[in-house]
Peer 1: 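Okay, handing you the structure first.
Everything numeric here is computed off the predicted structure, so don't read it as measured data. Residues: numbered from 1 along the sequence shown. Atoms within a ligand are numbered from 1 in the order they appear, just like the ligands themselves.
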Amino acid sequence: MERFQDRVVLVTGATGGIGTEICSRLAAEGAVVVAADLPGTPLEEVVSSLPDGPRLTTPHQAAPHQAAPHQAAPHQTVELDVASEEQWTSAVTRIIEAHGRLDALVNNAGIGSLKTLEDESPEHWQRVIDVDQTGVWLGMKHAGTAIERTGGGAIVNVCSILGSVGGFGNSFAYHAAKGAVRTMSKNAAMHWATKGVRVNSLHPGFIETPQLLERYEGSDRHRGMVAGTPMGRLGTPAEIAGCVAFLASDDAGFMTGGELYADGGWTAR
Ligand code: NAI
């Protein structure tokens with residue numbers, strides 16, 4: 001299946017456990033992937049492991065009576081702190097310079113927080129909000145506008161079950177940010193409803209990334225994650241990447257402002 005043939009897709013947090021898998025899945029389906037992450041992350045490694053050979057039609061290079069030539073369009077890396085509006089502006093400029101278009105955005109970058117409402121500090125709270133909430137807004141503001149100019153496309157905001165339910169009674173700032181992502185996605189969906197830009201939030205349950213296992217394997221929290229999941233296991237990054245690909249593709253053409261849960265039944269209880 002080549003649902004993303006001729007499409008340019010920007011993925012933030014591209015070198016993380018879930019982001020890497022999203023890039024692979026989209027590239028396997030024909031996308032030109034723009035992998036974005038913080039400076040110092042292994043962006044080149046991620047991009048060089050992606051399937052080769054995406055080819056992008058560049059109509060502006062063809063005379064009107066000629067078939068549009070195809071040129072190899074390699075995947076691209078972009079250093080981007082999603083909390084910085086300045087960096088969003090320059091990232092989107094570089095993408096448009098390189099490819100002339102942007103078809104989809106996956107707002108996947110995120111940071112965690114285990115603190116409760118009582119032990120959270122204003123400084124740490126602010127950083128979580130800056131990355132997990134403001135980062136998603138800035139992504140929609142700059143990349144979403146570029147998608148609209150391209151003629152339409154999709155935004156997938158990687159949220160969490162913790163954006164909808166109370167979880168373990170901790171991770172307070174994370175819940176605040178992800179809860180905002182859920183409703184910001186709906187508001188953005190209304191804003192672009194007739195302009196061809198679809199916006200949906202994706203709510204993973206607990207996903208077995210290498211980073212999560214490193215941090216929690218064998219802990220009470222890990223046991224709580226498995227015990228609270230009706231399917232009796234954590235999800236895989238590939239299962240989340242499959243949902244991202246669906247929401248970003250035309251198969252989800254009538255979905256906007258929606259919430260997709262991939263949580264092994266956690267929120268169905
Ligand atoms: P991860 O920690 O493996 O990856 C997060 C990525 O975001 C990293 O590559 C990191 O460098 C990047 N990042 C952090 N701050 C950034 C910033 N300011 N600007 C740009 N990039 C930044 O985490 P994971 O598990 O891959 O999570 C991806 C998304 O999925 C996050 O939004 C997370 O909240 C969400 N999620 C993850 C779940 C899980 O169980 N792993 C469950 C539900 C949601």
Peer 1: Is there a side-chain hydrogen bond (donor to acceptor under 3.5 Å, both in side chains) between Asp81 and Ser84 once you walk through the steps?
Peer 2: CA-CA 6 Å; Asp81 179 341; Ser84 160; over 6 Å; no

Peer 1: For the residue pair Thr236 and Glu208, confirm or rule out a side-chain donor-acceptor distance under 3.5 Å.
Peer 2: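 No - no donor-acceptor pair under 3.5 Å links their side chains.
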
Peer 1: Give me each pair satisfying salt bridge (charged side-chain N to carboxylate O under 4.0 Å, His left out) with a member in residues 174-185, each pair once, sequence neighbours excluded.
Peer 2: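 Listed once each, the pairs are Arg182-Glu259.
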
Peer 1: Under the side chain to side chain donor-acceptor pair (under 3.5 Å) rule, what pairs show up with a residue in residues 147-163, not counting sequence neighbours?
Peer 2: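 Every pair satisfying side chain to side chain donor-acceptor pair (under 3.5 Å) with a residue in residues 147-163: Asn107-Asn157, Glu148-Trp192, Asn157-Ser185.
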
Peer 1: Just to be sure I understand the cut-off, which residues have at least one non-hydrogen atom under 4.0 angstrom from an atom of ligand 1?
Peer 2: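 Correct list: Gly13, Thr15, Gly16, Gly17, Ile18, Asp37, Leu38, Thr41, Leu80, Asp81, Val82, Asn108, Ala109, Gly110, Ile111, Arg127, Val131, Val158, Cys159, Ser160, Tyr174, Lys178, Pro204, Gly205, Phe206, Ile207, Thr209, Gln211, Leu212.
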
Peer 1: What I want to check is whether the side chains of Thr15 and Asp37 have a donor and an acceptor closer together than 3.5 Å.
Peer 2: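 Yes, side-chain donor-acceptor contact under 3.5 Å.
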
Peer 1: Anything under 3.5 Å between a donor and an acceptor, one on a side chain of residues 133-144, the other on a protein residue two or more places apart or in another chain? List them.
Peer 2:
| unit_1 | atom_1 | unit_2 | atom_2 | d |
| --- | --- | --- | --- | --- |
| Thr134 | OG1 | Ile129 | O | 3.4 |
| Lys141 | NZ | Glu85 | OE2 | 2.7 |
| His142 | NE2 | Glu85 | OE2 | 2.7 |

